[in-house]
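One structure is given here, and the rest of the page talks about it.
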Amino acid sequence: MAHSATAAAETKVWGGGRSPFNVSYGKMMMWFFLLSDAFTFGAFLISYGTTRFFSAVWPDPNHVFHAFPFMGHANLPLLFVSLMTFILIMSSVTMVLAVHAGHYGDRKGVIKWLLFTIIGGICFLSCQAWEWTHLHHQGAWWGSFTDSSAPLSGIEQFFNMKDPRVTGPLAAHGMQATHDFYNYFFTITGFHGAHVASGVVLLCLVLINSINGTYDRRGHYEMVEKIGLYWHFVDLVWVFVFTCFYLL
(Lines give C-alpha, C1' and ligand atoms only; values in the text may rest on other atoms or scores of the structure.)
Protein backbone atom coordinates (compact mmCIF):
# COMPACT_ATOMS: atom_id res chain seq x y z
CA MET A 1 0.00 0.00 0.00
CA ALA A 2 2.82 2.32 1.02
CA HIS A 3 4.76 1.30 -2.09
CA SER A 4 1.78 2.21 -4.28
CA ALA A 5 1.51 5.61 -2.62
CA THR A 6 5.23 6.30 -3.15
CA ALA A 7 5.02 5.23 -6.79
CA ALA A 8 2.01 7.49 -7.30
CA ALA A 9 3.87 10.42 -5.73
CA GLU A 10 6.93 9.84 -7.95
CA THR A 11 4.72 9.64 -11.01
CA LYS A 12 3.14 12.92 -10.06
CA VAL A 13 6.51 14.64 -9.45
CA TRP A 14 8.04 13.50 -12.72
CA GLY A 15 4.83 13.87 -14.70
CA GLY A 16 5.48 17.49 -15.55
CA GLY A 17 4.09 20.74 -14.28
CA ARG A 18 6.64 21.04 -11.47
CA SER A 19 10.39 20.66 -11.06
CA PRO A 20 11.48 17.34 -9.54
CA PHE A 21 14.52 19.15 -8.09
CA ASN A 22 12.42 21.76 -6.30
CA VAL A 23 14.05 24.64 -8.22
CA SER A 24 12.68 26.69 -11.07
CA TYR A 25 13.50 25.93 -14.68
CA GLY A 26 15.38 29.21 -15.09
CA LYS A 27 17.57 28.65 -12.05
CA MET A 28 18.39 25.11 -13.11
CA MET A 29 19.38 26.31 -16.59
CA MET A 30 21.63 28.90 -14.98
CA TRP A 31 23.38 26.13 -13.03
CA PHE A 32 23.83 24.13 -16.26
CA PHE A 33 25.27 27.19 -18.00
CA LEU A 34 27.68 27.86 -15.15
CA LEU A 35 28.77 24.23 -15.15
CA SER A 36 29.56 24.34 -18.87
CA ASP A 37 31.36 27.65 -18.40
CA ALA A 38 33.43 26.15 -15.58
CA PHE A 39 34.60 23.45 -18.01
CA THR A 40 35.68 26.15 -20.48
CA PHE A 41 37.67 28.10 -17.89
CA GLY A 42 39.07 24.84 -16.54
CA ALA A 43 40.31 23.86 -19.99
CA PHE A 44 41.99 27.26 -20.41
CA LEU A 45 43.74 27.08 -17.05
CA ILE A 46 44.82 23.46 -17.47
CA SER A 47 46.30 24.32 -20.87
CA TYR A 48 48.10 27.29 -19.32
CA GLY A 49 49.44 25.17 -16.46
CA THR A 50 50.64 22.45 -18.81
CA THR A 51 52.49 24.93 -21.02
CA ARG A 52 54.11 26.55 -18.03
CA PHE A 53 55.09 23.21 -16.48
CA PHE A 54 57.00 22.16 -19.59
CA SER A 55 58.65 25.54 -20.12
CA ALA A 56 62.26 25.89 -18.95
CA VAL A 57 61.68 29.52 -17.86
CA TRP A 58 58.61 31.64 -17.23
CA PRO A 59 58.00 35.37 -16.64
CA ASP A 60 57.90 36.36 -12.97
CA PRO A 61 54.53 38.00 -11.98
CA ASN A 62 56.36 40.26 -9.52
CA HIS A 63 58.34 41.71 -12.42
CA VAL A 64 55.46 41.81 -14.93
CA PHE A 65 52.71 43.29 -12.73
CA HIS A 66 54.46 45.93 -10.64
CA ALA A 67 53.01 49.16 -11.98
CA PHE A 68 50.29 51.28 -10.37
CA PRO A 69 48.33 54.14 -11.96
CA PHE A 70 49.66 57.64 -11.28
CA MET A 71 52.66 56.21 -9.39
CA GLY A 72 55.21 56.67 -12.15
CA HIS A 73 57.93 54.04 -12.16
CA ALA A 74 57.35 52.93 -8.56
CA ASN A 75 57.95 49.21 -8.07
CA LEU A 76 54.75 47.91 -6.42
CA PRO A 77 54.50 44.19 -7.24
CA LEU A 78 50.95 42.84 -7.45
CA LEU A 79 49.48 45.80 -5.56
CA PHE A 80 47.24 46.94 -8.40
CA VAL A 81 45.86 43.48 -9.16
CA SER A 82 45.22 43.02 -5.43
CA LEU A 83 43.11 46.16 -5.55
CA MET A 84 41.23 44.77 -8.58
CA THR A 85 40.57 41.53 -6.71
CA PHE A 86 39.37 43.39 -3.63
CA ILE A 87 36.92 45.41 -5.75
CA LEU A 88 35.51 42.29 -7.37
CA ILE A 89 35.13 40.46 -4.06
CA MET A 90 33.38 43.45 -2.51
CA SER A 91 30.99 43.54 -5.48
CA SER A 92 30.15 39.94 -4.65
CA VAL A 93 29.31 41.00 -1.09
CA THR A 94 26.94 43.71 -2.35
CA MET A 95 25.38 41.12 -4.68
CA VAL A 96 24.68 38.90 -1.67
CA LEU A 97 22.98 41.84 0.03
CA ALA A 98 20.88 42.49 -3.09
CA VAL A 99 19.71 38.86 -3.14
CA HIS A 100 18.99 39.03 0.58
CA ALA A 101 16.90 42.16 0.08
CA GLY A 102 15.07 40.42 -2.77
CA HIS A 103 14.09 37.55 -0.48
CA TYR A 104 12.28 40.04 1.72
CA GLY A 105 10.74 41.93 -1.20
CA ASP A 106 12.73 45.04 -0.27
CA ARG A 107 12.77 46.86 -3.60
CA LYS A 108 14.77 49.84 -2.36
CA GLY A 109 17.38 47.53 -0.87
CA VAL A 110 17.64 45.55 -4.11
CA ILE A 111 18.09 48.74 -6.12
CA LYS A 112 20.73 50.12 -3.77
CA TRP A 113 22.87 46.97 -3.63
CA LEU A 114 22.53 46.26 -7.35
CA LEU A 115 23.77 49.77 -8.01
CA PHE A 116 26.83 49.19 -5.81
CA THR A 117 27.48 45.86 -7.57
CA ILE A 118 27.34 47.53 -10.97
CA ILE A 119 29.75 50.23 -9.82
CA GLY A 120 32.12 47.50 -8.56
CA GLY A 121 31.95 45.68 -11.90
CA ILE A 122 32.64 48.87 -13.85
CA CYS A 123 35.60 49.71 -11.57
CA PHE A 124 37.05 46.25 -12.09
CA LEU A 125 36.72 46.54 -15.88
CA SER A 126 38.32 49.99 -15.79
CA CYS A 127 41.26 48.60 -13.82
CA GLN A 128 41.62 45.73 -16.29
CA ALA A 129 41.56 48.18 -19.21
CA TRP A 130 44.36 50.19 -17.59
CA GLU A 131 46.43 47.06 -16.97
CA TRP A 132 46.00 45.89 -20.58
CA THR A 133 46.92 49.34 -21.89
CA HIS A 134 50.02 49.47 -19.71
CA LEU A 135 51.19 46.01 -20.85
CA HIS A 136 50.48 46.91 -24.46
CA HIS A 137 52.74 49.94 -24.14
CA GLN A 138 55.48 47.53 -23.03
CA GLY A 139 55.06 45.66 -26.31
CA ALA A 140 52.90 42.84 -24.95
CA TRP A 141 49.91 41.62 -26.94
CA TRP A 142 48.59 38.52 -28.63
CA GLY A 143 51.30 37.20 -30.94
CA SER A 144 54.02 39.45 -29.54
CA PHE A 145 57.60 38.39 -28.75
CA THR A 146 58.03 35.98 -31.65
CA ASP A 147 61.41 37.11 -32.98
CA SER A 148 63.94 34.71 -31.45
CA SER A 149 66.81 36.79 -32.85
CA ALA A 150 65.72 39.92 -30.93
CA PRO A 151 68.04 41.03 -28.09
CA LEU A 152 67.28 39.61 -24.66
CA SER A 153 67.19 43.11 -23.21
CA GLY A 154 63.64 43.35 -24.61
CA ILE A 155 62.32 40.63 -22.29
CA GLU A 156 64.70 40.62 -19.33
CA GLN A 157 62.45 42.96 -17.34
CA PHE A 158 59.79 40.22 -17.21
CA PHE A 159 62.08 37.70 -15.48
CA ASN A 160 63.87 37.38 -12.18
CA MET A 161 67.40 37.87 -13.42
CA LYS A 162 68.85 37.18 -9.97
CA ASP A 163 67.82 33.54 -10.24
CA PRO A 164 70.53 31.41 -11.93
CA ARG A 165 67.86 28.89 -12.95
CA VAL A 166 66.41 31.65 -15.14
CA THR A 167 69.49 33.31 -16.58
CA GLY A 168 70.86 30.01 -17.90
CA PRO A 169 68.05 28.91 -20.25
CA LEU A 170 66.72 32.44 -20.90
CA ALA A 171 68.53 32.87 -24.22
CA ALA A 172 67.12 29.63 -25.63
CA HIS A 173 63.60 29.66 -24.17
CA GLY A 174 62.89 33.17 -22.88
CA MET A 175 61.27 34.56 -26.03
CA GLN A 176 58.94 31.58 -26.51
CA ALA A 177 57.99 31.62 -22.82
CA THR A 178 57.17 35.35 -22.96
CA HIS A 179 55.12 34.79 -26.11
CA ASP A 180 53.13 31.95 -24.50
CA PHE A 181 52.65 33.84 -21.25
CA TYR A 182 51.07 36.87 -22.87
CA ASN A 183 48.95 34.83 -25.26
CA TYR A 184 47.41 32.99 -22.33
CA PHE A 185 47.18 36.10 -20.20
CA PHE A 186 45.23 38.17 -22.71
CA THR A 187 43.03 35.24 -23.76
CA ILE A 188 42.03 34.10 -20.27
CA THR A 189 41.71 37.50 -18.60
CA GLY A 190 39.95 38.78 -21.73
CA PHE A 191 37.49 35.88 -21.59
CA HIS A 192 36.89 36.59 -17.92
CA GLY A 193 36.55 40.32 -18.58
CA ALA A 194 33.90 39.57 -21.22
CA HIS A 195 31.98 37.66 -18.55
CA VAL A 196 32.23 40.62 -16.16
CA ALA A 197 31.05 43.00 -18.90
CA SER A 198 28.11 40.71 -19.70
CA GLY A 199 27.31 40.55 -15.99
CA VAL A 200 27.28 44.33 -15.72
CA VAL A 201 24.84 44.56 -18.66
CA LEU A 202 22.57 41.94 -17.09
CA LEU A 203 22.75 43.71 -13.73
CA CYS A 204 21.70 46.96 -15.41
CA LEU A 205 18.68 45.22 -16.97
CA VAL A 206 17.70 43.71 -13.61
CA LEU A 207 18.16 47.11 -11.98
CA ILE A 208 15.84 48.74 -14.52
CA ASN A 209 13.24 46.02 -13.94
CA SER A 210 13.54 46.51 -10.19
CA ILE A 211 13.06 50.27 -10.52
CA ASN A 212 9.99 49.70 -12.71
CA GLY A 213 8.52 47.28 -10.14
CA THR A 214 8.51 44.31 -12.55
CA TYR A 215 9.49 41.83 -9.84
CA ASP A 216 6.98 43.24 -7.37
CA ARG A 217 4.24 42.48 -9.89
CA ARG A 218 5.63 38.96 -10.35
CA GLY A 219 5.62 38.49 -6.61
CA HIS A 220 9.25 37.39 -6.36
CA TYR A 221 12.85 38.51 -7.05
CA GLU A 222 14.15 35.24 -8.43
CA MET A 223 15.81 37.03 -11.34
CA VAL A 224 18.05 38.85 -8.86
CA GLU A 225 18.99 35.48 -7.40
CA LYS A 226 19.83 34.06 -10.84
CA ILE A 227 22.05 36.95 -11.84
CA GLY A 228 23.59 36.66 -8.37
CA LEU A 229 24.63 33.08 -9.15
CA TYR A 230 26.30 34.29 -12.34
CA TRP A 231 28.09 37.12 -10.56
CA HIS A 232 29.43 34.86 -7.80
CA PHE A 233 30.65 32.43 -10.43
CA VAL A 234 32.55 35.22 -12.20
CA ASP A 235 34.14 36.18 -8.88
CA LEU A 236 35.06 32.59 -8.09
CA VAL A 237 36.69 32.11 -11.49
CA TRP A 238 38.75 35.24 -10.92
CA VAL A 239 40.19 33.68 -7.75
CA PHE A 240 41.59 30.83 -9.87
CA VAL A 241 42.81 33.20 -12.59
CA PHE A 242 44.45 35.41 -9.97
CA THR A 243 46.15 32.41 -8.38
CA CYS A 244 47.45 30.99 -11.66
CA PHE A 245 48.73 34.21 -13.24
CA TYR A 246 49.72 36.40 -10.32
CA LEU A 247 50.63 34.16 -7.39
CA LEU A 248 52.10 30.93 -8.77
Side-chain angles (χ1 to χ4, degrees), residues 37-69 71-88 124-197 234-248:
D37 227 17
F39 287 141
T40 306
F41 275 106
F44 274 135
L45 292 176
I46 290 171
S47 177
Y48 168 79
T50 304
T51 303
R52 176 173 178 173
F53 180 79
F54 288 104
S55 179
V57 291
W58 200 250
D60 187 335
N62 291 298
H63 291 260
V64 176
F65 308 105
H66 62 84
F68 200 96
M71 296 296 287
H73 297 287
N75 185 27
L76 303 169
L78 304 182
L79 184 59
F80 186 59
V81 71
S82 298
L83 174 64
M84 291 172 57
T85 304
F86 175 76
I87 291 171
L88 199 59
F124 177 84
L125 289 172
S126 301
C127 290
Q128 191 172 43
W130 183 90
E131 184 179 55
W132 276 39
T133 304
H134 172 74
L135 293 175
H136 186 50
H137 287 161
Q138 290 184 325
W141 200 241
W142 279 285
S144 59
F145 303 107
T146 55
D147 185 4
S148 57
S149 63
L152 287 180
S153 58
I155 61 171
E156 284 179 347
Q157 71 269 24
F158 304 131
F159 294 86
N160 181 9
M161 298 305 292
K162 296 179 181 177
D163 189 346
R165 295 172 300 177
V166 172
T167 53
L170 186 65
H173 305 283
M175 194 63 71
Q176 182 63 46
T178 307
H179 171 76
D180 292 339
F181 174 81
Y182 280 116
N183 273 353
Y184 278 112
F185 174 79
F186 286 116
T187 299
I188 295 177
T189 60
F191 191 54
H192 177 267
H195 279 69
V196 176
V234 169
D235 284 5
L236 180 62
V237 166
W238 178 253
V239 172
F240 288 97
V241 173
F242 176 79
T243 302
C244 289
F245 275 101
Y246 299 94
L247 297 183
L248 296 180

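FYI, the numbering just counts along the sequence from 1. Heavy-atom basis, side chains included; hydrogens, waters and symmetry copies ignored. Just so it is clear, the model here is predicted, and its values are computed rather than measured.
Contact detail for L78 and P61: the closest heavy-atom pair is CD2-O, 3.9 Å. Contact between H66 and H63 at its shortest, heavy atoms only, is CD2-O, 2.8 Å. Closest heavy-atom contact between V166 and V57: O-CG1, 3.7 Å. Of all heavy-atom pairs spanning A197 and L125, the tightest one is CA-CD1, 3.8 Å. The two residues A140 and F145 have their closest heavy-atom pair at CA-CE1, 3.8 Å.
The closest side-chain heavy-atom distance from I87 to C127 is below 4.5 Å. Under the 4.5 Å side-chain criterion, counting only non-hydrogen atoms from C-beta, L170 is in contact with M161. Side-chain contact between T189 and V241 is present, with at least one heavy-atom pair separated by less than 4.5 Å. Considering only heavy atoms from C-beta on, F240 stays 4.5 Å or farther from H192 through its side chain. Annotation: side chain of V64 is in contact with side chain of L135 (closest heavy-atom distance under 4.5 Å). Two residues are said to be in side-chain contact when any heavy atoms from C-beta on lie closer than 4.5 Å; R52 and W58 meet this criterion. Between F181 and F186 there is no side-chain heavy-atom pair separated by less than 4.5 Å. Side-chain contact between Q128 and M84 is present, with at least one heavy-atom pair separated by less than 4.5 Å.
For F65, the ring-ring contact (aromatic ring centres under 6.0 Å, His included) test picks out F185, Y246, with sequence neighbours left out. For the side chain to side chain contact (heavy atoms under 4.5 Å, CB included) test, residues two or more places apart in sequence or in another chain that qualify with A74 are M71, L76. Every residue meeting the side-chain hydrogen bond (donor to acceptor under 3.5 Å, both in side chains) condition with H179, not counting sequence neighbours, appears here in chain and number order: N183. Judged as a ring-ring contact (aromatic ring centres under 6.0 Å, His included), and not counting sequence neighbours, the contacts of Y184 are Y48. For D235, the side chain to side chain contact (heavy atoms under 4.5 Å, CB included) partners at least two apart in sequence or on another chain are L88, S91, S92, W231. Every residue two or more places apart in sequence or in another chain that forms a ring-ring contact (aromatic ring centres under 6.0 Å, His included) with F191 is listed here: F41, F44, H195. Residues meeting the side-chain hydrogen bond (donor to acceptor under 3.5 Å, both in side chains) test with Q176, sequence neighbours left out: D180. With sequence neighbours excluded, the residues that form a side chain to side chain contact (heavy atoms under 4.5 Å, CB included) with S149 are D147. Residues passing the side chain to side chain contact (heavy atoms under 4.5 Å, CB included) test with A171, sequence neighbours excluded: L152.
Formation of a donor-acceptor pair under 3.5 Å by the T51 side chain with backbone atoms of S47 is found in this model.
Sorted by first and then second residue, the side-chain hydrogen bond (donor to acceptor under 3.5 Å, both in side chains) pairs with a member in residues 75-87 read T85-W238; sequence neighbours excluded. Legend: salt bridge (charged side-chain N to carboxylate O under 4.0 Å, His left out) pairs involving residues 163-175, not counting sequence neighbours, sorted by first then second residue: D163-R165. Sorted by first and then second residue, the side-chain hydrogen bond (donor to acceptor under 3.5 Å, both in side chains) pairs with a member in residues 133-146 read W142-T187; sequence neighbours excluded.
Here the straight-line distance linking atom OG1 of T243 with atom CG of L248 works out to 6.5 Å at 0.5 Å rounding.
The side-chain contact (heavy atoms from CB on, under 4.5 Å) with V81 is formed by just one residue from the set F245, F242, F86, F68; it is F242.
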